Structures are given as C-alpha cells and as structure tokens.
> 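Submitted below is the structure of interest, expressed as structure tokens.
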Amino acid sequence: MTKKFYLTTAIDYPNSRPHIGTAFEKIGADVQARYRRQEGYAVHFLMGNDENTVKVSRRAEELGRDVKEYCDDMARQFQEVWRALDISFDDFIQTSEPRHHAACQKFIQKVFDAGHIYKGGYEGWYCDGCEAFKTDKEVKEAGGLCPAHLKAPIRRTEPCYYFALSKFQDRLLAFYEEHPDFIQPESRRNEVVTLVKGELRDVNITRTGETWGIPVPFDPEFTIYVWFDALLNYVSAIGYGTDDEKFNQWWPADVHFIGKDITRFHCALWPAMLMAAELPVPRTVFGHGFVYIKDDKTGTLDKISKSLGNVVEPMEIVTKFSSEAFRYYFLRECPFPGDGEFSWNRFADVFNADLANKLGNLYSRGVTLISKNYDSVLSGTAGRTPTEIEPELVAIVKQVRTNVEACHYSVALEKIWLAFTVPMNQYLEKTEPWKLVKTDKDAAKEVLFTLVEQLRRITILLKPFLPRSSETIYRGFNFAQPWESVQYADAAAAGKYADDVRVTAALEAGKVKPLFPRIG
RNA sequence: CCCGGGGUGGAGCAGUGGUAGCUCGCCAGGCUCAUAACCUGGAGGUCGUAGGUUCAAAUCCUGCCCCCGGAACCA
C-alpha cells in the first residue's frame, strides 16, 4: 500500500502581496512535497489564503471593491507567484469558500455540543475609528493611544464565546510527552511546553457586528473569530464536513509548515481544538525561521517590513534571474529551522559560486568535452559501470536523505556539493581529460563517463530542490531511466546504461547554453 | 522583572566531550576542457565573559554581559 503524506503551509492574509519571507515557507514545504512524491508517497500539498479577517474586508473597502471579488483576485495573484516559484501545491483553499464555511460550522457546533464552548464577555481597548479592539501592547506602544488614529481608545466590554482551552492543559502536556517529535525543530519545544505548563487562558473565538466572516451556527449574531476559523482550513480543505471519504484518506496531517511566530497556536490551541472535536492530532508541526533583509550599503539587518520599505517581492528575483536561483538561495543560505538573511550581494555570490561556477560549469565542461572529442557519443559504455570517485556513496546519499526528511535543507545541499560537485572538479583536474584525449583516448573517455555518472547522481538528489535545472541536465544525456521515476536510491546505485552514453542536449557549436549565466 | 532563542576567524552559517569546519571574501601559485569558470597552497578564530566539573569542553554546570523574539489577526 502506498504511504500517504499530507502537508500544509500557513494560510496568508491577502491584504498585501507575498514577500520573500512568505515564499521561504512555501519553498521549504515544496521541497518536502517533491521529495515525498519522488520517493513514492501519495502526497497532498495544501496552501491557501486566510480571508475572514476584518483587515481584509477593510482593505477591500478602501479600494472600493467587493470583498469576495477582492479576495478572489488576491488568491489568483498569490497562486501566480507560487506557480512562478514552482511550488507544487495540490490544492489552494480560500477561507471564504463554501467548503470552509460548512466545515467550520460543523466543527464549532460539535465542540459546542461537547461542552467546550461557553458564553462570556470580552473587555479591552476599543477604538471607534478602527471599530476594533486594540491589544494592550498596541495601545501601550502608542503611548496609550490607538496607533492608527492617535486617539485614546475606550474601555469596552462585549459578549462573546470562549473556547475552554484551559481544560486541555493536562492532555496537551501528556501529548507532548508521548510525542516528543510533534514540535519541530526541537528548540521550539521548550517554549511551547513552558507556555502550556503556565497559565493557559480560554480563548475568545467570536466577534459580533461583522458581516464578513463565518456565522456561528448556534448564535448567528456572532461570527467565528481568528484562529478558530483559520486553523480549520487544514481539515476543511480535505473534506471535513463535506467529504468524509477524502477526509479520512488524508487526515491527520503529516506536517504543518508554519512560521516560528505562530508555533503556539499550532502546538497548543490547534491540538486542543482537535481533541475537543475528537479528531486525531497532526503528526508534526514545523516552525521554520525567518528571513531578514540586510542592506548592502549600511550592513543593517531588519525584519521584512512595509514601513521600513525593504520588502523584496519574489517576482523581482524570479524575473531578474530565475525561480531556480530563488529556490537555491533560500534553501542553501537560510537554514530552514533557523533564521537567515537576504541581500542582493550575497545572492549574487551564492548564485555565481554554487550554480554558475560549480554545477553549471561542470555540466558545460562535460558536454563540450564529449561533443568535441567523441562526436557526442561515448562508444562502448553501454552496460558498463563508471569509475567510482565517491567511496562513501551509499552513506552520503543516506545523509542527504536524512537531512531532507528533517528539513535541514541547507545541510543537504552542502553535502551534495561537497560530495559530488567539488570532488568531480578535482578529479578532472587530476586526470586532465582535455590533455589525455590526445594520448589515450579510451582513458579520457572513462573519465568523462565518470563525469556523466556524477551528474546523474547530482540531478537525482537535486530534483526536489531545483526541479527545472536538474531535469535539464538529466535530459542532456540519454539515461535509460525515465526522469519521472528516479528515486534517491538510484543515486546510490550505479547507473543503468542500456546504450552508449550520448549527449542529447541542444548544442550550438558543440556547446550548451549556460544553465546559470553568471551575475555581474 | 519573567519566559524562549542566540552570541564560533572580515561576512554568513555547521558543529552537544577527544586534533575548530563549510561557503563567500582576501593573498600567492597552477591549469586552460569549461559560464575570466576550475585546481593547489596561505593568512585570519584564546568558539560573548568569569568560574566550575572532567584525563579531556565550542560542546556539561553556575554567575554575568550583549542581541533577537514573546500570547488575539505579525511568515
């Protein structure tokens, strides 16, 4: 039986376009999705937008647009960006969709019937200008004023419904104990456990006086508020309340990819909600790090922020360079579990060093040497095994695999370069096939055969990371195995050479077009 | 004040007990098949700090200093 793998990313607020930080999360999730598919899992990869928020309806109002129409347009724009980055999502949910509404209503009703929701009151700082409550922190930081309207908020109480989160304290702690891998990476674990051990307050899950949002079925004056709505996208998208068969096929999720800032909601509130509804809890939650922007001129490091004016849009990089360049930079330079930096200078350095100078150049060298000296065919290589230059091959592939599965992408990529790309360049330097071809053509052929074999391995390992370039390189030769079916195990085994190695890439004057043209 | 994370050569990062490692940058050589790419060698770190445990600590323990983040719409 095929193993299933259900993974999700956080849903985004569509009140502004995605930036490189949000893209970082999607790329990390995408590598996992592609890797699992490659390894034979039945994969379902969900992404989406979080639309039932006051900010979104306000933003649409500001623009004089219908809220739903605005959301649909933004959803289209988001997906356009994700597709440009080759994010291989299987489904994209908008929380304004009927399927999500239906699921939320069923879910909240079930939890209400089970006695985990009660009516109470919410007291806080209310700003008339915003027609919304402000957090204590917001008010405090603005010197006792509403940060948007710069006027004093008033103390106001309104009725609302609470989810009895505090009742789940013991069950949550027991759950963390039994499932030590639930919270990833390990370093986030303490934070959540400490938090849950401390004061766990019941959460307000409704609003009143809003027309945009999901009505509470047992009291339609109210709409479902924030997290109680947003988190449910993970179940509503796969048919909770609307398609039991599909739901049972995929739930529970194998991993939720989220930003480290919302770890607590996914690791405390979400499992408690599921327990309340008597549903299984996800296997893991992965809280990835953040990307900070480094200013090349001043050297200062800042959070990505509109007000600082340092937002870099993914499309800017994709258009100037390529989606592969974008993916590689963030996957190699920013450790997925931890924080990383982006700067244009660093981007150019990494691109040139790893992609242009090492990998791309190696491919060019191989193709040119074979096409010029052997008329693109290494005759007599059919059915043979090339010379091995990586004695630890099986162990290396295993390490790469382990790191990919643990989402330590930067480590995995470093290993691939150190174990294959760099040694291959050294091997060429030692054997000098461009000289050898004049004195011992068969020996030189053997070196190039080895080079092709190394490229085959690199592309297979790189397939989840750089889906396009790895395919281009692979298809540059006549490998017997279809690209669609290659797996990591194939990288650890000798290639199957049914026919003599042949260069099948398109050539111009015996050369391939550079895969990664140098920057600068 | 409290909680969590972190402080490793110029920059960015690995490294949880046993000769301090990777990438970029820098200096000097080599090579010329290749995208002026590639290869070799070198300079550069008392691993925030003060103690402690140990035959042995970046790695474990304690104090202190500094940076980042910290519950309601912020990836």
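Computed from a predicted structure; not experimentally measured.
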> Give A:Lys511 one of three labels, base, sugar-phosphate or nothing, depending on what nucleic acid heavy atoms sit under 4.0 Å from its own.
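Since only primed, P, OP1 and OP2 atoms lie under 4.0 Å of A:Lys511, the category is sugar-phosphate.
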
> Ignoring backbone atoms, test whether A:Lys55 places a side-chain nitrogen or oxygen under 4.0 Å from the OP1 or OP2 oxygen of B:C74.
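Yes, such a contact exists.
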
> Taking the C1' atom in each of B:A36 and B:C74, what is the distance between them to the nearest angstrom?
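My reading of the C1' atoms in B:A36 and B:C74 gives 46 Å.
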
> Could you tell me how far apart A:Asn361 (CG) and B:U32 (P) are, to the nearest whole angstrom?
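It works out to 16 Å between those atoms.
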
> How close or far is atom P of B:G15 from atom CD of A:Gln399, stated in whole angstroms?
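Value for this atom pair: 13 Å.
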
> Counting side-chain heavy atoms from C-beta on, which of B:A75, B:C24, B:C33 comes nearest to A:Arg346?
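Within the option list, the nearest is B:C24.
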
> Please tell me if the side chains of A:Ser323 and A:Arg468 come closer than 4.5 Å, counting only heavy atoms from C-beta onward.
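They are in contact (side-chain heavy atoms under 4.5 Å apart), so the answer is yes.
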
> If we take the C1' atom in both B:U54 and B:U62, what is their distance in whole Å?
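Going atom to atom, C1' in each nucleotide, I get 16 Å.
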
> Between A:Tyr409 and A:Arg327, is there a side-chain heavy-atom distance shorter than 4.5 Å?
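No - every pair of side-chain heavy atoms lies 4.5 Å or more apart.
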
> Between A:Arg518 and B:A36, is there a side-chain N or O to OP1/OP2 distance below 4.0 Å?
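Answer no for this pair, as no side-chain N or O of A:Arg518 is under 4.0 Å from OP1 or OP2.
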
> Just call it for A:Val56: base, sugar-phosphate, or nothing, with non-hydrogen atoms closer than 4.0 Å on any strand.
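Contact class for A:Val56: none.
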
> Taking CG from A:Asp349 and P from B:A37, how many angstroms apart are they, rounded to a whole number?
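A:Asp349 atom CG is separated from B:A37 atom P by 12 Å.
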
> Nearest whole Å is fine: how far is B:A34 C1' from A:Tyr363 OH?
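Distance, rounded to whole Å: 13 Å.
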
> What about A:Phe347 and A:Phe321, are their ring centers closer than 6.0 Å?
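Yes, close enough.
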
> Sticking with atom C1', work out how far B:G69 lies from B:C27, rounded to a whole angstrom.
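Going atom to atom, C1' in each nucleotide, I get 41 Å.
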
> Using Watson-Crick or G-U wobble geometry with both distances below 3.5 Å, tell me the partner of B:A58, or none.
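Matched B:A58 with nothing under the 3.5 Å cut-off.
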
> Among B:C24, B:C33, B:C31, find the nucleotide with the atom closest to the side chain of A:Lys435.
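Nucleotide nearest to A:Lys435's side chain: B:C31.
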
> Using the C1' atom on both, measure B:A28 against B:U19 and round to a whole Å.
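To the nearest whole Å, 27 Å.
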
> Considering only atom C1', compute the distance from B:U32 to B:G21 and round it to an integer number of Å.
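Per the computed distance, 31 Å lies between those C1' atoms.
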
> Under 4.0 Å between a side-chain N or O of A:Lys260 and OP1 or OP2 of B:A75?
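Checking A:Lys260 against B:A75: no side-chain N or O falls below 4.0 Å of OP1 or OP2.
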
> Can you tell me, in whole Å, how much space there is between the P of B:A20 and that of B:C47?
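Their P atoms lie roughly 11 Å apart.
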
> Reckon A:Lys513 touches a base, only the sugar-phosphate, or nothing at all at heavy-atom distances under 4.0 Å?
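Nothing, no heavy atom under 4.0 Å.
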
> Which of parallel (below 30°), tilted (30 to 60°) and perpendicular (above 60°) describes A:His266 and A:Tyr234?
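A:His266 and A:Tyr234: tilted rings.
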
> Is the base of B:C74 touched by the side chain of A:Tyr13 through a donor-acceptor pair closer than 3.5 angstrom?
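No, the side chain and the base share no sub-3.5 Å donor-acceptor pair.
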
> I want to confirm an ordering. Mapping A:Asp339 and A:Asp261 to their closest nucleotides on RNA chain B, which one lands closer to the 5' end?
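Closer to the 5' end of RNA chain B: A:Asp339.
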
> When all nucleic acid strands are considered with a 4.0 Å heavy-atom cut-off, which category describes A:Arg188: base, sugar-phosphate, or nothing?
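Contact class for A:Arg188: none.
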
> Find which nucleotide of RNA chain B each of A:Glu341 and A:Val350 is nearest to by heavy atoms, and output the residue with the more 5' nucleotide.
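Final value for this comparison: A:Glu341.
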
> Less than 6.0 angstrom from the centroid, inside 45 degrees of the normal: does A:Lys294 satisfy that with respect to the ring of A:Trp344?
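Relative to the ring axis of A:Trp344, which defines the angle, A:Lys294 lies outside at least one limit.
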
> Could you identify the nucleotide paired to B:C22, looking across every strand shown and requiring Watson-Crick or G-U wobble geometry with both distances under 3.5 Å?
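Result: B:G12.
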
> With a non-hydrogen cut-off below 4.0 angstrom, is A:Ala10 in contact with a base, only sugar-phosphate, or nothing?
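Nothing, no nucleic acid heavy atom in range.
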
> Counting the atoms with a prime plus P, OP1 and OP2 as sugar-phosphate, which does A:Phe24 contact under 4.0 Å by heavy atoms, base, sugar-phosphate, or nothing?
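Touches nothing.
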
> At under 4.0 Å between heavy atoms, what does A:Thr194 touch on the DNA or RNA strands: base, sugar-phosphate, or nothing?
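Answer is sugar-phosphate: A:Thr194 comes under 4.0 Å of backbone atoms only.
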
> Between A:His288 and A:Phe24, how do the two ring planes meet: parallel, tilted or perpendicular, split at 30° and 60°?
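Perpendicular: the ring planes of A:His288 and A:Phe24 meet at over 60°.
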
> How is A:Pro335 classified with respect to the nucleic acid when contacts are heavy atoms under 4.0 Å: base, sugar-phosphate, or nothing?
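Sugar-phosphate, backbone atoms only, no base.
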
> Is the shortest heavy-atom distance from the side chain of A:Phe477 to the side chain of A:Val367 under 4.5 Å?
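Of all side-chain heavy-atom pairs linking A:Val367 with A:Phe477, at least one is under 4.5 Å.
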
> Mark yes or no: A:Lys260 above the aromatic ring of A:Phe290, with NZ or CZ under 6.0 Å from the six-membered ring centre and no more than 45 degrees from the axis.
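Checked: cation-pi criterion met.
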
> Of the nucleotides B:A75, B:C24, B:G12, which has the atom closest to the A:Asp12 side chain?
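Of B:A75, B:C24, B:G12, B:A75 is nearest to the side chain of A:Asp12.
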
> Under 4.0 Å between any heavy atoms, over every strand shown, what does A:Glu191 touch: base, sugar-phosphate, or nothing? Just pick one.
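Sugar-phosphate, no base atom in range.
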
> Ignoring backbone atoms, establish whether A:Asn357 has a side-chain N or O less than 4.0 Å from OP1 or OP2 of B:C38.
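True: A:Asn357 side-chain N/O within range (under 4.0 Å) of B:C38 OP1/OP2.
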
> Would you classify A:Ser364 as touching base, sugar-phosphate or nothing, given that sugar-phosphate means primed atoms plus P, OP1 and OP2, and contacts are heavy atoms under 4.0 Å?
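Base contact.
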
> Tell me if the aromatic rings of A:Phe330 and A:Phe336 count as close, with their centers under 6.0 Å from one another.
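That pair fails the under 6.0 Å test.
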
> To the nearest Å, give me how far apart CG (A:Leu195) and C1' (B:C2) are.
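For the pair A:Leu195 CG and B:C2 C1', the rounded distance is 13 Å.
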
> With respect to the side chain of A:Glu414, which nucleotide from B:C22, B:A34, B:U35 is positioned closest?
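So the nucleotide nearest the side chain must be B:C22.
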
> If you check every side-chain atom of A:Asn425, which of B:U35, B:A75, B:C38 has the closest atom?
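Per side-chain heavy atoms of A:Asn425, the pick is B:C38.
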
> Please report the distance, rounded to the nearest Å, between CZ in A:Arg201 and P in B:A71.
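Taking CZ of A:Arg201 and P of B:A71, I get 11 Å after rounding.
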
> Does any nucleotide pair with B:G29 by Watson-Crick or G-U wobble geometry, both distances under 3.5 Å, and what is it?
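Here B:G29 is engaged in a pair, and the nucleotide opposite it is B:C39.
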
> Does any part of the side chain of A:Val285, heavy atoms only, come nearer than 4.5 Å to the side chain of A:Val255, both counted from C-beta?
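Side chain of A:Val255 against side chain of A:Val285, heavy atoms only: no contact under 4.5 Å found.
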
> Would you mind telling me which of B:C31, B:U35, B:C73 lies closest to the side-chain atoms of A:Trp434?
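The closest nucleotide is B:C31.
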
> Suppose we define a pair by two distances each less than 3.5 Å, Watson-Crick or G-U wobble; what does B:A71 pair with here?
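The base-pairing partner of B:A71, which may sit in any strand shown, does not exist here.
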
> Phosphate oxygens OP1/OP2 of B:C38: is one of them under 4.0 Å from a side-chain N or O of A:Gln426?
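No.
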
> Take atom CZ of A:Phe290 and atom P of B:G69, then tell me their distance rounded to the nearest Å.
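Going from A:Phe290 (CZ) to B:G69 (P), I get 10 Å.
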
> Looking at B:C24, I'd like to know if its phosphate oxygens (OP1 or OP2) sit under 4.0 Å from a side-chain N or O belonging to A:Lys358.
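It does, given that an N or O in the side chain of A:Lys358 lies less than 4.0 Å from OP1 or OP2 of B:C24.
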
> From OH of A:Tyr374 over to C1' of B:C33, roughly how many Å is that when rounded to an integer?
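It works out to 12 Å between those atoms.
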
> When we call it a touch if two heavy atoms are under 4.0 Å apart, what does A:Asp50 touch: a base, just sugar-phosphate, or nothing?
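Here A:Asp50 touches no strand at all.
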
> Expressed in whole Å, how much space separates the C1' atoms belonging to B:G6 and B:U16?
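Those two atoms are separated by 15 Å.
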
> Assign A:Leu428 to base, sugar-phosphate, or nothing according to its heavy-atom contacts below 4.0 angstrom with the strands shown.
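If one applies the 4.0 Å heavy-atom cut-off, A:Leu428 turns out to touch nothing in the nucleic acid.
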
> Expressed in whole Å, how much space separates the C1' atoms belonging to B:G41 and B:C68?
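One C1' to the other, the span is 40 Å.
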
